[in-house]
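Data block below; observations after.
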Amino acid sequence: MRRSFFLALLLAVAPTIAFSAEPRPNILLIVTDDLGYNDVGFQGARDIPTPHLDRLAASGLRCTDGYVSYPVCSPSRAGILTGRYQQRFGYEFNPKWDATALTHGLPLSETTLADGLRTAGYTTGAIGKWHLGAHPQFHPNRRGFDDFFGFLGGGHRYFPGSVVEVEIGAGKKATVSGDAEQNSPILRNSTAVPEVGELTTRLGEEATASITRYARDAKPWFLYLAFNAPHTPLQARADQLARFATITDERRRTYAAMVATIDEAVGRMLAALEATGQRERTLIFFISDNGGPMTKRNANASVNTPLRGQKGDVFEGGIRVPFLVSWPARIPAGRTYSQPIISLDILPTALAAAGTTRDAKLAALDGVDLLPFLTGKNTAAPHARLFWRMDGGEAFAVREGNWKWLHTYHNAPQLYDLATDLGETRDLAAARPEIAARLAAAAAAWNRGLIAPAFGNNPFGGLINRSGLEKNSAP
Ligand code: CA
């Protein structure tokens with residue numbers, strides 16, 4: 001009698017729970033590493049076909065003016081996962097690979113996108129490159145992720161036991177075979193697992209398995225998939241290399257095979273989303289963490305055409321990246337979006353899509369919820385200005401509308417009109433001094449909200465060039 005009463009109650013209530021609201025979307029954030037602006041099909045690459053990424057682009061918006069908040073790996077990721085300019089909390093260099101370094105990682109005072117979604121009832125997973133601190137206190141499982149599969153450092157060789165060379169700048173090379181960071185264990189949560197096969201392929205398989213596994217649960221999920229490809233070392237599967245036999249430059253051929261392996265993995269994930277009926281209600285972001293490194297340390301044969309500069313620069317080639325947003329249930333398909341946006345927007349956009357907001361007691365975000373803009377409800381620019389500072393104040397940049405102002409190292413400030421000069425070739429600082437002065441003042445005002453780097457790991461010697469910080473801290 002009692003059992004049948006509860007059964008009747010359950011039947012009465014269950015449909016209300018299941019169908020009273022639009023289901024919350026799953027969120028899939030795919031970050032590639034050192035991918036060139038022009039190295040995927042949807043961006044115009046001719047020599048690297050990426051049919052699956054192109055299909056993803058066609059299912060949503062290609063954001064032509066999508067930026068990251070820093071032109072190298074780790075600070076960019078700190079911005080992505082917090083939605084805040086990472087210099088606000090002293091994150092301006094790559095951290096040391098050191099499990100005892102308490103300050104080299106994402107400060108515990110910061111909350112992550114995974115924290116926010118987990119609190120909102122999402123299952124959260126991180127796969128791939130972490131690079132937000134090697135000390136156990138910074139482990140993904142302690143930063144909001146229920147599940148982790150990957151490695152904690154800034155890079156990883158792609159095949160177990162392989163000996164490889166990487167460019168270290170000025171035409172010099174070094175092997176990474178003995179490099180502890182490149183050889184760090186592949187972990188499932190905190191347990192080392194055997195290395196099997198090619199790493200990008202494996203990360204894609206893990207992501208596909210997670211998508212399928214999470215689909216069985218009633219909870220929505222957030223998956224952060226951070227490929228370390230196509231970052232050096234340049235290594236790829238033989239069958240992928242064979243597909244690019246017509247590319248005569250060996251390094252470009254290997255790079256192309258690495259990008260194609262990412263594309264293949266994305267194809268498998270899309271197929272898994274479709275097979276489990278989740279594609280329409282999955283919000284997908286696809287970006288690179290910074291521009292392609294063409295000639296500097298860790299150069300990987302990437303191409304940023306038509307942009308000027310590369311990884312490590314505040315020219316467009318360092319900070320403007322391939323940027324896709326797809327959510328078939330809500331966001332129009334097959335269009336481009338050309339207002340400037342930034343990776344800091346991913347966190348508030350994802351939280352809004354999930355129907356949640358941040359605790360008002362937490363520090364303010366710099367990113368904005370892009371949904372009103374991407375769905376066409378709001379046609380204004382999401383940001384009045386975007387800002388960059390690197391190396392503790394050695395370089396600054398500002399974008400306001402089509403104007404781009406920058407002040408790098410010991411050079412005079414420069415001003416470009418990106419509407420007519422995307423390649424930043426004609427400096428208008430002298431011709432338009434009033435605009436240059438306005439943007440310099442805006443950069444100075446923004447800079448007052450930042451702090452000095454909390455740690456530094458300059459690979460070219462010394463920690464931080466304090467003279468540069470002093471020189472440019474009022475840009
Ligand atoms: Ca990178």
Side-chain angles (χ1 to χ4, degrees), residues 27 29 31 67-70 72-95 101-122 124 126 130-133 135 137-145 222 224 285 287 289 319 340-372 382-390 392-393 396-398 442-456 469 473 475:
I27 294 157
L29 169 55
V31 178
Y67 291 92
V68 288
S69 61
Y70 205 86
V72 306
C73 304
S74 184
S76 175
R77 286 152 205 273
I80 292 165
L81 287 186
T82 62
R84 285 158 47 73
Y85 284 116
Q86 60 285 339
Q87 300 95 337
R88 294 196 188 284
F89 45 90
Y91 209 122
E92 208 158 347
F93 287 91
N94 286 329
L102 282 161
T103 58
H104 282 243
L106 186 65
L108 304 184
S109 54
E110 297 298 315
T111 59
T112 70
L113 174 54
D115 289 321
L117 290 171
R118 192 162 182 261
T119 301
Y122 276 61
T124 55
W130 181 239
H131 208 203
L132 289 167
H135 190 283
Q137 69 179 0
F138 300 126
H139 189 283
N141 288 149
R142 298 178 78 164
R143 307 315 304 266
F145 290 100
F222 165 51
Y224 169 52
F285 298 93
I287 63 169
D289 67 336
I319 53 179
I341 59 170
I342 191 163
S343 54
L344 308 179
D345 299 331
I346 291 171
L347 182 147
T349 304
L351 291 184
T356 188
T357 53
R358 268 163 61 96
D359 187 329
K361 293 195 290 289
L362 297 175
L365 296 175
D366 292 301
V368 301
D369 169 16
L370 293 175
L371 290 176
H383 297 274
R385 297 186 183 105
L386 295 174
F387 298 96
W388 294 266
R389 183 182 89 177
M390 68 175 293
F396 286 88
V398 182
W446 172 73
N447 188 55
R448 286 194 284 276
L450 311 182
I451 64 172
F455 59 87
L469 180 66
S473 59

Quiz item: Who passes side-chain contact (heavy atoms from CB on, under 4.5 Å) against Arg118, sequence neighbours left out?
Solution: Thr124, Asp146
Quiz item: Just how far is it from atom CZ of Arg142 to atom CD of Gln137, taken to the nearest 0.5 Å?
Solution: 7.0 Å
Practice problem: Drop me the distance from Leu113's CG to Tyr224's OH, to the nearest 0.5 angstrom. | Solution: 10.0 Å
Quiz item: Under the side chain to side chain donor-acceptor pair (under 3.5 Å) test, which residues partner Gln87, sequence neighbours left out?
Solution: none
Quiz item: Are any of the side-chain heavy atoms of Thr111 and Asp359 separated by less than 4.5 Å?
Solution: no
Quiz prompt | Partners passing side-chain contact (heavy atoms from CB on, under 4.5 Å) against Ile451 (at least two apart in sequence or in another chain) | solution = none
Practice problem: Spell out, as yes or no, whether a donor-acceptor pair under 3.5 Å connects the side chain of Tyr70 to the backbone of Glu92. | Solution: yes
Exercise. Report the residues that fulfil ring-ring contact (aromatic ring centres under 6.0 Å, His included) with Phe285, sequence neighbours left out, ordered by chain and then residue number.
Key: none
Quiz prompt | Which atom of Phe93 lies closest to which atom of Phe455, heavy atoms considered | solution = O-CE1, 3.2 Å
Practice problem: Please lay out, stage by stage, how Leu29 and Ile346 fare under the test side chain to side chain contact (heavy atoms under 4.5 Å, CB included). | Solution: CA-CA 9 Å; Leu29 169 55; Ile346 291 171; 3.9 Å; yes
Exercise. Check Pro382 against Pro340 and note the closest heavy-atom contact, atom names and distance.
Key: CD-O, 4.2 Å
Quiz prompt | Partner residues of Asp115 under the side chain to side chain donor-acceptor pair (under 3.5 Å) criterion, sequence neighbours left out | solution = Thr112
Exercise. Specify the closest pair of heavy atoms between Leu106 and Ala78, including all atoms of both residues, with the distance to one decimal.
Key: CD1-CB, 3.9 Å
Quiz item: Is the closest side-chain heavy-atom distance between Val398 and Trp446 below 4.5 Å?
Solution: no
Exercise. Measure the spacing between CG of Leu351 and CG of Asp369 and express it to the nearest 0.5 Å.
Key: 9.0 Å
Exercise. Would you list the pairs meeting salt bridge (charged side-chain N to carboxylate O under 4.0 Å, His left out) in which at least one residue belongs to residues 75-86, sequence neighbours left out?
Key: Asp33-Arg77, Arg77-Asp289, Arg84-Glu110
Quiz item: With sequence neighbours excluded, what pairs up with Tyr91 under the side chain to side chain donor-acceptor pair (under 3.5 Å) test?
Solution: Ser74
Quiz item: Rounded to the nearest 0.5 Å, what separation is found between the CZ atom of Phe396 and the CG atom of Leu450?
Solution: 7.5 Å
Quiz item: Which residues satisfy the salt bridge (charged side-chain N to carboxylate O under 4.0 Å, His left out) test with Asp366, sequence neighbours excluded?
Solution: Arg88
Quiz item: Would you call the rings of Trp130 and Phe145 parallel, tilted or perpendicular if under 30° counts as parallel and over 60° as perpendicular?
Solution: perpendicular
Exercise. Give me the one residue out of Leu132, Leu108, Leu102 that meets side-chain contact (heavy atoms from CB on, under 4.5 Å) with Phe138.
Key: Leu108
Self-check item: Set of residues satisfying side-chain contact (heavy atoms from CB on, under 4.5 Å) with respect to His383, sequence neighbours excluded
Solution: Ile342, Asp345, Val368, Leu386
Quiz prompt | Least distance between heavy atoms, Ser343 atom then Ser69 atom | solution = OG-N, 3.6 Å
Practice problem: For Ala445, check side-chain contact (heavy atoms from CB on, under 4.5 Å) against everything at least two apart and list the hits. | Solution: Arg448
Exercise. Check side chain to side chain donor-acceptor pair (under 3.5 Å) between Thr349 and all other residues, then give those that pass, not counting sequence neighbours.
Key: none
Exercise. Indicate the atoms forming the closest heavy-atom contact of Leu117 with Ala350, along with that distance.
Key: CD2-O, 4.2 Å
Quiz prompt | Residues in salt bridge (charged side-chain N to carboxylate O under 4.0 Å, His left out) contact with Arg358, at least two apart in sequence or another chain | solution = none
Practice problem: Supply the atom-to-atom distance Leu365 CG to Tyr85 OH, rounded to the nearest 0.5 angstrom. | Solution: 12.0 Å
Practice problem: Please name the pair of heavy atoms, one in Gly79 and one in Leu344, separated by the smallest distance, quoted to 0.1 Å. | Solution: O-CD2, 3.4 Å
Exercise. Go through the steps to decide whether Tyr122 and Ile27 satisfy the test side chain to side chain contact (heavy atoms under 4.5 Å, CB included), and finish with yes or no.
Key: CA-CA 9 Å; Tyr122 276 61; Ile27 294 157; 4.2 Å; yes
